[in-house]
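So the structure is just underneath, and the comments pick up after that.
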Amino acid sequence: MIEKLNPEQQAAVTLPAQHALVLAGAGSGKTRVLTTRMAWLIQTGQASPHALLAVTFTNKSAREMLARLSALLPINTRGLWVGTFHGLCNRLLRAHYRDAGLAQTFQILDTADQLAAIKRLLKASGIDDEKYPPREVQRFINGAKEEGLRPDAVEAHDPYRLRMVEIYRLYQAQCERESVVDFAELLLRCYELLQRNAPIREHYQRRFRHILVDEFQDTNALQYRWLTLLAAGGAPIFAVGDDDQSIYAFRGANVGNMADFERDYARGTVIRLEQNYRSYGHILDSANALIAHNTARLGKNLWTEQGEGEPVRVVEQPSDMLEAQWVVDEIKSLIGEGSLRREIAVLYRSNAQSRVIEHALFSTGIPYKVYGGLRFFERQEVKHALAYLRLMDNPDDDTSWLRVVNFPTRGIGARTLEQLSDLARERGTSLHKAAHLVGGKGGGNLLKFAAMIESMAHEAQVLPLPELIEHVVHHSGLLTHYQSEREGADRLENLQELVNAAAVFAGEENFEGLPAGRMVELPAAGQADAAGDFAAAGAAAGSDAAGAVAPVSDAVAGDAADPGAAAGAASSADALPGAADLIEAGARQGMSPLAAFLSHASLEAGDNQAQAGQDAVQLMTVHAAKGLEFDAVFITGVEEGLFPHENSLMEQSGLEEERRLMYVAITRARQRLYLTLAQSRMLHGQTRYALRSRFLDEIPEEHLKWLSPKVRVPVSSAWAGTADVASGGWNAQRRGDAYGRPATGQIAPRSPRSWASGVTVGQQQFRIGQGVRHPKFGDGTILSLSGSGQDAQAQIQFRDAGTKTLALGVAKLEVIAG
DNA sequence: GTGTCGTCCTTTTTT
DNA sequence: AGGACGACAC
């Protein structure tokens with residue numbers, strides 16, 4: 001298996017047991033190295049399969065890793081510690097729910113659930129949601145948690161933040177009361193558990209002899225600490241990532257973790273995988289040249305043996321519609337030449353761009369598939385059914401209770417619910433427990449609902465999962481409701497699909513989102529010979545495995561004073577090799593199939609593509625394309641303001657992240673790459689005009705082939721050097737801001753041959769690329785123009801004051817040379 | 001309790 | 001422009 005690796009890959013795979021950073025460029029065989037290393041560690045007896053911890057970000061990569069691993073080695077992948085950060089933390093918390101201070105039946109809030117919980121909290125606490133918008137509260141709370149901060153630890157001095165912290169505190173109390181945890185909480189709770197509970201921490205520190213991390217550039221502060229805590233017992237961390245593909249800073253990812261890791265742990269052990277097996281030379285060199293414009297890179301230059309291939313084609317069209325049409329015509333001829341539709345991807349920076357392209361594809365009759373949008377477990381009807389199911393396990397889950405208490409309608413109105421919620425609040429209890437306290441007609445209905453939940457919960461004890469779901473769908477009235485709804489057919493189908501998913505899940509005896517491998521049955525986790533492996537691994541590493549785990553069994557014995565834990569430990573103990581796995585026994589016996597399925601539903605929301613199956617052109621955002629590759633790739637909307645997105649220019653190092661995004665986009669292509677742009681496009685109901693992206697100018701001409709005349713407008717960003725300096729806090733983008741007075745602008749009629757359009761306001765003419773002077777902000781260049789009539793606006797990049805959007809009718813601008 | 005109208009927002013997204 | 005959500009009226 002190792003023969004086919006190149007020297008760098010080989011070196012990475014066979015590194016001795018020490019911390020290491022593998023800088024894996026796009027298409028350099030990153031996943032292969034990761035899985036081959038795991039196989040190598042196992043095969044050479046350095047670690048038993050269960051002494052490996054492999055962490056990914058998405059369920060998809062976890063699945064892929066397992067699949068590849070099982071292709072390399074005849075082992076049963078079930079129960080391996082390979083999963084997402086969240087999945088693994090969930091697993092740990094399920095095993096040690098008591099030590100983590102959680103109810104056994106704790107349930108997971110997805111993003112939407114969390115938002116609903118926050119809204120409910122704000123309402124109940126009488127907090128003005130105008131002043132504290134639920135989304136911002138959510139951001140604040142998650143941000144704090146991702147930094148590892150509990151309310152007490154959050155720095156707050158101004159009244160606004162103080163109040164936010166207070167809301168955070170209230171939210172946390174509400175979650176505790178309801179036995180629910182949000183995504184960030186899974187990680188933080190788990191981190192705290194390991195940090196505070198020495199026996200458990202030491203147990204896992206000994207158990208995991210090798211820690212492997214995928215997409216390391218995407219880790220946030222807490223994930224980094226979680227990893228280093230687990231590794232503190234001596235397990236080496238094998239971190240694989242690419243700083244040039246870090247595109248998730250906006251959601252908390254910290255590329256800096258890579259440099260920190262190198263400095264603090266991996267020191268000299270950095271391996272670069274620079275040979276690319278995916279793209280031809282022109283494509284690769286374009287990517288290299290582009291990304292070279294970023295600063296503070298760890299440094300890497302991709303190369304290929306495949307030859308230079310075809311140049312990157314660039315096309316500029318007058319409008320977004322014509323751009324889309326051009327793309328579709330080109331796709332048509334590619335297909336005519338024998339290309340597979342599924343090997344053609346159309347990428348865009350923002351989802352709003354998909355519409356025109358879809359339209360053009362649709363009217364040309366080319367099948368296509370759009371990625372993004374609602375995922376299976378996020379659908380309304382599925383969420384309703386899941387809410388009922390959650391109540392089976394945990395009737396105190398107020399979020400779920402409220403979601404379905406009157407769905408389908410059963411005469412429980414807002415007034416009744418207000419009474420109920422006040423009562424519950426007074427008594428410090430859940431809505432379910434307070435339900436019998438409300439009088440009147442509404443109260444009667446509440447009682448009926450509560451009784452229904454309890455009776456269903458009773459059924460839940462005896463019915464297998466799929467049957468239970470059918471039962472719930474039927475007896476809750478969801479079935480009848482959707483049968484009578486006009487467009488209920490799809491929803492009923494999805495509910496049936498939910499039953500099927502549960503059947504598959506139950507059949508696989510799945511464990512919170514870690515799929516069972518379809519593998520030759522080998523000795524499962526912790527049977528006799530696995531114990532042998534474990535001891536051998538211990539010996540190889542120069543320590544005494546049996547001795548090392550001894551204290552853990554003591555700890556468990558202490559824990560076992562609790563009847564539940566004792567039963568769990570005792571029953572599993574026979575099947576387990578030794579003390580080592582005792583501490584984890586709780587996880588295997590503690591979780592009902594229902595609870596496991598609910599976790600699965602929260603942690604893995606399912607596919608977000610429309611219809612799988614037929615061969616179709618792939619449409620998606622650049623973000624969604626990360627990790628994928630196609631024979632032919634169209635990157636559309638390569639314009640200033642769109643790509644790089646104008647909003648990114650306001651953020652610190654926003655431009656560099658955009659550039660990495662473009663780098664990711666370019667490196668998706670194997671054989672053919674097209675960059676397309678439009679001079680005008682409809683956005684938010686307005687026509688906007690823009691210049692070609694500065695990124696185009698960062699790619700050397702020799703790699704490009706212009707299929708439309710290249711416009712000689714001076715390079716988009718006259719002040720490119722300072723472009724990344726955003727003015728802190730100034731928010732010109734906000735609607736109706738300081739420049740609210742309507743402008744009296746008019747779009748100048750465009751002559752057929754004019755490429756860049758202009759706007760006339762009063763006596764002044766503005767055009768893209770125009771130099772202007774502002775009394776306060778100084779000199780700048782117009783990046784884009786939008787609107788007409790009453791609200792023409794210009795996005796202007798000032799040399800010293802950053803990029804701002806100004807209303808032309810209001811701002812006192814002077815036209816200067818440029 | 002349901003349906004309709006108006007208002008708001010619009011970068012990227014996984015768990 | 002277009003979709004989602006909330007307020008208001010029947």
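Per chain, numbering begins at 1; letters A, B, ... match sequence-line order. None of the values given here were measured: they were computed from a predicted structure.
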Taking any heavy-atom pair under 4.0 Å as a contact, classify [X]: base, sugar-phosphate, or nothing.
{"X": "A/D218", "answer": "nothing"}
{"X": "A/T111", "answer": "base"}
{"X": "A/F85", "answer": "nothing"}
{"X": "A/K119", "answer": "sugar-phosphate"}
{"X": "A/I412", "answer": "sugar-phosphate"}
{"X": "A/F250", "answer": "base"}

How many whole angstroms separate atom [atom1] of [X] from atom [atom2] of [N]?
{"X": "A/Q245", "N": "B/dT14", "atom1": "CD", "atom2": "C1'", "result": "17 Å"}
{"X": "A/E136", "N": "B/dC8", "atom1": "CD", "atom2": "P", "result": "16 Å"}
{"X": "A/E604", "N": "B/dT13", "atom1": "CD", "atom2": "P", "result": "18 Å"}
{"X": "A/R349", "N": "B/dT12", "atom1": "CZ", "atom2": "P", "result": "7 Å"}
{"X": "A/Q380", "N": "C/dA4", "atom1": "CD", "atom2": "P", "result": "11 Å"}
{"X": "A/R135", "N": "C/dG6", "atom1": "CZ", "atom2": "C1'", "result": "14 Å"}
{"X": "A/Q353", "N": "B/dT11", "atom1": "CD", "atom2": "P", "result": "12 Å"}
{"X": "A/Y248", "N": "B/dT15", "atom1": "OH", "atom2": "C1'", "result": "12 Å"}

Verify the distance criterion only: is there a donor paired with an acceptor across the side chains of [X] and [Y] at less than 3.5 Å?
{"X": "A/E323", "Y": "A/T676", "answer": "yes"}
{"X": "A/K145", "Y": "A/Q172", "answer": "yes"}
{"X": "A/N90", "Y": "A/R94", "answer": "yes"}
{"X": "A/Y368", "Y": "A/E358", "answer": "yes"}

Residue pair A/L661/A/G413 against DNA chain B: nearer the 5' end by closest nucleotide is A/G413

Whichever of A/A414 and A/T58 has its nearest DNA chain B nucleotide further upstream toward 5':
A/A414

Has A/R660 got its NZ or CZ under 6.0 Å from the middle of the six-membered ring of A/Y663, at an angle within 45 degrees of the ring axis?
no

Does a side-chain N or O of [X] approach OP1 or OP2 of [N] to a distance below 4.0 Å, or not?
{"X": "A/N59", "N": "B/dT14", "result": "no"}
{"X": "A/T84", "N": "B/dT14", "result": "no"}
{"X": "A/R375", "N": "B/dT15", "result": "yes"}
{"X": "A/N351", "N": "B/dT13", "result": "yes"}
{"X": "A/N647", "N": "B/dT12", "result": "no"}

Which of the following nucleotides, [options], is nearest to the side chain of [X]?
{"X": "A/E651", "options": "B/dT13, B/dT15, B/dT11", "answer": "B/dT11"}
{"X": "A/H645", "options": "B/dT13, C/dG2, B/dT11", "answer": "B/dT11"}
{"X": "A/M682", "options": "B/dT13, C/dA1, B/dT15", "answer": "C/dA1"}

Which pair of heavy atoms, one from A/L347 and one from A/T621, lies closest together, and at what distance?
CD2-O, 4.5 Å

Can you name the side-chain contact (heavy atoms from CB on, under 4.5 Å) partners of A/A112, sequence neighbours left out?
A/D110, A/K383

Taking only residues two or more places apart in sequence, or in another chain, which ones meet A/L402 in a side-chain contact (heavy atoms from CB on, under 4.5 Å)?
A/R120, A/L417, A/L431

Which word best sums up how the rings of A/F695 and A/F643 line up, parallel for under 30°, tilted for 30 to 60°, or perpendicular for over 60°?
perpendicular

What protein N or O atoms touch nucleotides 2-7 of chain B N or O atoms at under 3.5 angstrom, if any, and at what distances?
{"residue": "B/dT2", "atom": "OP1", "partner": "A/T409", "partner atom": "OG1", "Å": "3.0"}

